[in-house]
Structures are given as C-alpha cells and as structure tokens.
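We number each residue from 1, following the sequence as shown.
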Amino acid sequence: MSAAERLGDLYLTASGRIGRRAFVLGLAPLAAGWAALMLLTPDAPSWAGRLVAAILLYLAACVTAQRLHDRGRAGWWIWPLLGAVVAAWIWRETPFGWALGVLLLAPLADLALRPGQVTFNRYGAPPA
C-alpha cells in the first residue's frame, strides 16, 4: 500500500482501526490547521474559513472514529466530542468555552495514551 493510500484511509474514511501513534500523527496537522485558522480569523470567519473548519472537523472525526474502533467503541461516540468542539469554538471568548476546551483534553489524552484492543474486534484486526 502506498503512502497516499494510507493517508486516504486515515483521513477519508471512518472505518478500520488505527493505533496511538497514527492517531497522534494524524491529529497533529489537523490541530495545526485549526490553530492557523483561529489565528487568521480571530473574529467571525468568512464562508471560506467556515468551510475549512468543516473540512478539518470531518477529517478529525474520521481519525478519531478509527481510534475509537481500535478501543472497541463505536465511531458514533465522536458526535459528543465534536459537539463540544463546536460549542467551545462558538463560545471561545467565554469561560464556558475555555472550560469545554480544557474538558476536551481528557478524552484526547485517553485516546492518545491508552492502548487499543490487542485482539481482533468487530472493526478488524489490530493495527500493525
């Protein structure tokens, strides 16, 4: 499998499983893109900024769903996390938004640090 195919599987589909390293390396460029978007559009982003934000959220959802699969969880658990990300973004200048941002670190740390299932599960074989 070529590098382009692996990147396509990582970012464009929510099926399958990925390990901790692939999860962290997959989210790093998306987090950098999100930070750049926040720096470039500190006020209300234009329609192009919203489109970029939506694309970044979709790609992050795919990566996170694959990591959830590795842990034996359904990918739909990404929806509460995405809801919290969107709420934190909407209220980013308020204490509520900051509190949501801090609370989001716990599930991200959990997904990044705890190992996945070492055996075959309903989402496939363990990642290599």
Side-chain angles (χ1 to χ4, degrees):
M1 180 181 289
S2 72
E5 290 171 331
R6 282 183 295 210
L7 277 178
D9 286 346
L10 178 65
Y11 287 123
L12 301 178
T13 182
S15 63
R17 295 170 62 175
I18 60 171
R20 293 176 287 186
R21 183 174 184 227
F23 174 69
V24 170
L25 293 176
L27 279 186
L30 299 176
W34 188 267
L37 180 66
M38 293 299 103
L39 289 173
L40 295 174
T41 59
D43 299 325
S46 66
W47 67 270
R50 290 184 186 136
L51 178 64
V52 170
I55 291 169
L56 290 172
L57 284 174
Y58 170 76
L59 298 175
C62 288
V63 172
T64 306
Q66 291 176 45
R67 182 66 186 133
L68 286 167
H69 289 167
D70 189 46
R71 299 279 302 280
R73 303 273 184 237
W76 65 265
W77 279 104
I78 189 63
W79 289 108
L81 291 174
L82 283 180
V85 167
V86 169
W89 185 35
I90 291 171
W91 292 295
R92 64 186 172 270
E93 298 299 325
T94 66
F96 177 69
W98 283 95
L100 274 177
V102 170
L103 287 175
L104 281 167
L105 294 176
L108 286 177
D110 181 62
L111 289 171
L113 298 175
R114 290 185 54 204
Q117 293 180 334
V118 295
T119 60
F120 189 87
N121 67 18
R122 63 182 170 168
Y123 303 105

Checklist entry - Heavy-atom distance under 4.5 Å between the side chains of Arg67 and Arg20, does that happen here? => result yes
Checklist entry - Do you know the tightest heavy-atom contact between Leu100 and Ala84? => result CD1-O, 3.9 Å
Checklist entry - Any donor-acceptor pair under 3.5 Å linking the side chain of Gln66 with the backbone of Thr13? => result yes
Item to check | Single-linkage hydrophobic cluster Val102~Leu82, side-chain heavy atoms < 4.5 angstrom | outcome: no
Checklist outcome for this item: Nearest heavy-atom contact between Leu37 and Ala53 is CD2-CB, 3.6 Å
Checklist entry - How far does CD1 of Ile18 sit from CG of Leu68, to the nearest 0.5 angstrom? => result 9.5 Å
Item to check | same_hphob_cluster(Leu30, Leu105) at 4.5 Å side-chain heavy-atom cutoff | outcome: no
Next on the checklist: I'd like to know if Val24 and Leu113 are part of one continuous hydrophobic network [Ile/Leu/Val/Met/Phe/Trp/Tyr, side-chain heavy atoms within less than 4.5 Å].
Outcome noted: no
Next on the checklist: Can you give me the closest heavy-atom contact between Pro29 and Gly26, atom names plus distance?
Outcome noted: CD-O, 3.5 Å
Next on the checklist: Trp91: which residues meet the ring pair (Phe, Tyr, Trp, His ring centres under 6.0 Å) condition with it, sequence neighbours left out?
Outcome noted: Phe96
Checklist entry - Quick one: does Leu108's side chain get under 4.5 Å of Leu27's, heavy atoms only? => result yes
Item to check | Within residues 97-128 or reaching into it, pairs that qualify as ring-ring contact (aromatic ring centres under 6.0 Å, His included) - sequence neighbours excluded | outcome: His69-Tyr123
Checklist entry - Which distance, rounded to the nearest 0.5 Å, do you find between the CZ of Arg73 and the CG of Asn121? => result 11.0 Å
Checklist outcome for this item: Nearest heavy-atom contact between Ala65 and Gly75 is CB-CA, 4.1 Å
Checklist entry - What pair of heavy atoms forms the shortest contact from Leu56 to Trp34, and how long is it? => result CD1-N, 3.7 Å
Item to check | Distance-minimising heavy-atom pair for Leu57 and Val85 | outcome: CD2-CG1, 3.7 Å
Checklist entry - Between the side chain of Arg114 and the main-chain N/O of Arg71, is any donor-acceptor distance below 3.5 Å? => result no
Item to check | Trace of the side chain to side chain contact (heavy atoms under 4.5 Å, CB included) decision for Trp89 with Met38 | outcome: CA-CA 9 Å; Trp89 185 35; Met38 293 299 103; 2.8 Å; yes
Checklist entry - Can you tell me how far the CG atom of Leu111 sits from the CG atom of Leu81, to the nearest 0.5 Å? => result 7.5 Å
Item to check | Partners passing side-chain contact (heavy atoms from CB on, under 4.5 Å) against Tyr58 (at least two apart in sequence or in another chain) | outcome: Cys62
